[in-house]
Amino acid sequence: MDLHPTISAMRVAQSAWAALPIKARAAHLLQVRQRFTERAERLAEIVVSETRKSPADAWFADVVPNLDLFTYWAGPGAKVLSTQRTKLSPLRYPAKEGEIRYEPKGIVGLITPWNYPAALPLRAMIPALLAGNALLFKPSEVTPQTGAFIAELFQEVLPGGLVALVQGGAEAGQAVVDVADHVVFIGGERAGRAVAQRGAERLISVSLELGGKDAALVLDDCDLERTLSGVLWGAFTNSGQNCAAIERVYVAESIYESFVARLVASSSSLEVAPVATEAQDALIREHLEDAQAQGAKLHGTYPGPVIITDVPERARVMQEETFGPICPVLPVASAEEGLMRANASPYGLTLSIWTRDEARARSLASRAKTGVVSVNNVALSASMPFAPWSGRGLSGGGVTNSPLAIMEMVEPKYLLIDHGRDPEAWWFPADASALEFARRSLAWISSGPVGRVLGLFGLLRAMRQRIARIRALVSKREDDEGPGG
C-alpha cells in the first residue's frame, strides 16, 4: 500500500494548519464537537452494529464521555501549548531571555482497535490536531464504518487533506507506520511490538497503549454493596472487551465466601453481548478449558458471564489477557498478599482497591505497579481528558489524555535571545584567566547565601578580566589582518 501521494497532500495541509493560532484550531474542533453531538444517535447505531455491544455500552463509552474531550482540549488543554517564558537570573545570564515553544511533529499516524471504535481514536485525534499536526487514521478492520464516520466528522470541518483515512488490516497499519512522523498505537501486545520495532528502525517516536490483566483488591472493610456493583461492572462491561476490565479479583478471606456467592448470583442475571470476533471467542474458550483442566470451578456458562474460583495462578486465564466476560475470584490472607499477586503480572495498566480506609488505600496505591489506580471505582479516569492514562510493562508506555499526552505529539523548541554586547567569559582564549574564572564560578555556585555575597566581588572581577582578554584577542586579530584582510 503506497501512501506517499496522500502524504504529499497532507504535508501541504499540515503546514497551513500549523500556521493558524491555537485559538483558531480550537474553534474548528468545537465545530466538530457540534457535529458529533448532532449525530450521536447514528454513531451509537453504527458502533452497536459493528461491535455487537449493547446500546448502553455504546452510549456510555463511545458517545457521552467524548464531548468532554472536545471541551477540555479546546479550553484548558489548549493552554498547555502556549509559549512559556523561562525566568533567567540577571547575574548568571545577563541581558538574556528565553522561551519554550511547542511545534507539531507533522503527521501523526493513529492505529486503533475495535472494542471502543469511537472513544479510543478521539482521545488521540483531538490533541494531535490541536497541536497542529495532520492525522493519518487507520481504524480496525472490524469497525471500518465507525472509523469512516469519525473521520468524516473532522473532514467536513477541517481543511482538505488534513485528516486522511486508511482502511485495512495489518498491511495498512504497516503502511501508516512507514510514513508517519509519530505513531499512536492502541491495541494488542504482539502488534504493538511490531509497531515499536518499525518505529525504532525509522527513528520516529511511538506511543503504545496495549493490553491489561487488571486486578481488583477487595478488602474486608469495603462497602460491600458498592464493591459488588463496581466489580460486576468492571468485569463485564462491554462483555469484558476492555483493556481496563477487571480480570482478576483478590478478596480478603474473611468475606470471600459471601462475596463470591453474591457476585455469582448477580452475574447470573446479566445479559452480555457476544464478543466482537471469532478469534476472541476462540481465545476465551481456550482460557476456560485450560482453567477447568487445572481444577477451577466455573460459575455460569459462556458466552454468558462466568465467575471462576479455585483457579491456580499458573492458569492462562490468570496470566494472559482474556478480553471476555470471564472473572476469576481468589481469596487472599491480607491486602499485602493481594497487592503482591496483583503486581506479579507482566501487565500494569490499572488496579482498583475497594476499602473504606483511605490511608491504607493510598499506601497500597503507592506500591502498585500500574499506571492508574482507582479507589472504590474502576476505569473511570479513562473518560477524564485531564487525567493521564498509561501503563507499565506489557501494557505499553504511552500516554493518552492529559497534558502529558499532547507533549508526545509536539517537538519542544527553546529560543534564546541575547541582548548583551559583551562576549561570554568562557569564550576563547582558553588561558589561565579562563581557569581562574571557572574555579571562582564553581566556588560561587556551590556556596550558601553568605558565601555568594562574599564571593560576588571576586567573581565579577574575574569576569571583567576575562571579557577584557577576549576583546584583546579579537582586537589583535583585527590589527594583524589589517584593512581588507
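Because the structure is a prediction, the values reported are computed rather than measured. Quick note: numbers below take in every heavy atom, side chains included, and nothing from hydrogens, waters or symmetry partners.
- Side-chain contact between Gln174 and Met1: absent, with no pair of heavy atoms (C-beta onward) separated by less than 4.5 Å.
- Remark: Tyr72 OH is packed, more than 12 non-hydrogen atoms of other residues, nucleotides or ligands lying under 6.0 Å away.
- Counting only heavy atoms from C-beta outward, the side chains of His287 and Glu320 approach each other to under 4.5 Å.
- Summarising the geometry of Val206 relative to Gly199, their closest heavy-atom pair is CG2-CA, 3.9 Å, with the distance given to 0.1 Å.
- For Glu171, the CD atom counts as loosely surrounded, since its 6.0 Å shell holds 12 or fewer non-hydrogen atoms of other residues, nucleotides or ligands.
- Formation of a donor-acceptor pair under 3.5 Å by the Glu247 side chain with backbone atoms of Thr322 is found in this model.
- Electrostatic pairing of Glu289 and Arg285 does not count as a salt bridge here, judged by no charged N lying under 4.0 Å from a carboxylate O.
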Tell me, with the steps shown, if Val108 and Asp181 meet side-chain contact (heavy atoms from CB on, under 4.5 Å).
-> CA-CA 6 Å; Val108 171; Asp181 302 309; over 6 Å; no
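- The environment of Arg202 atom CZ is dense: over 12 non-hydrogen atoms of other residues, nucleotides or ligands sit within 6.0 angstrom.
- Side-chain contact annotation: Gln294 with Arg314, donor-acceptor N/O pair under 3.5 Å present.
- Between the side chains of His299 and Thr309, at least one donor N or O lies within less than 3.5 Å of an accepting N or O.
- Between Phe154 and Trp17, the ring center distance fails the sub-6.0 Å criterion.
- Between Arg360 and Leu364 there is a side-chain heavy-atom pair separated by less than 4.5 Å.
- Side-chain contact between Arg123 and Trp389 is present, with at least one heavy-atom pair separated by less than 4.5 Å.
- Closest approach of Leu394 to Leu210, counting heavy atoms only: O-CB, 3.4 Å.
- The residues Arg33 and Glu38 are annotated as not salt-bridged, no charged nitrogen and carboxylate oxygen being separated by less than 4.0 angstrom.
- Comment: Arg198 engages Asp178 in a salt bridge, judged by a side-chain N to carboxylate O separation of less than 4.0 angstrom.
- For Ser258 and Arg262, the side-chain atoms include no donor-acceptor pair closer than 3.5 Å.
- No option in Met407, Glu411, Met409, Lys413 other than Met407 meets the side chain to side chain contact (heavy atoms under 4.5 Å, CB included) test with Tyr102.
- Within 6.0 Å of CZ on Arg193 lie no more than 12 heavy atoms contributed by other residues, nucleotides or ligands.
- Within the 4.5 Å cutoff, side-chain heavy atoms of Leu263 are placed close to those of Val329.
- Counting heavy atoms from C-beta on, the side chains of Val260 and Val251 never come closer than 4.5 Å.
- Judged purely by atom type and a 3.5 angstrom limit, Glu99 has no side-chain atom pairing as donor or acceptor with the backbone of Tyr414.
- Side chains of Asp281 and Tyr302: a donor-acceptor N/O pair is present below 3.5 angstrom, by distance only.
- A donor-acceptor pair under 3.5 Å is formed between the side chain of Ser8 and the backbone N or O of His4.
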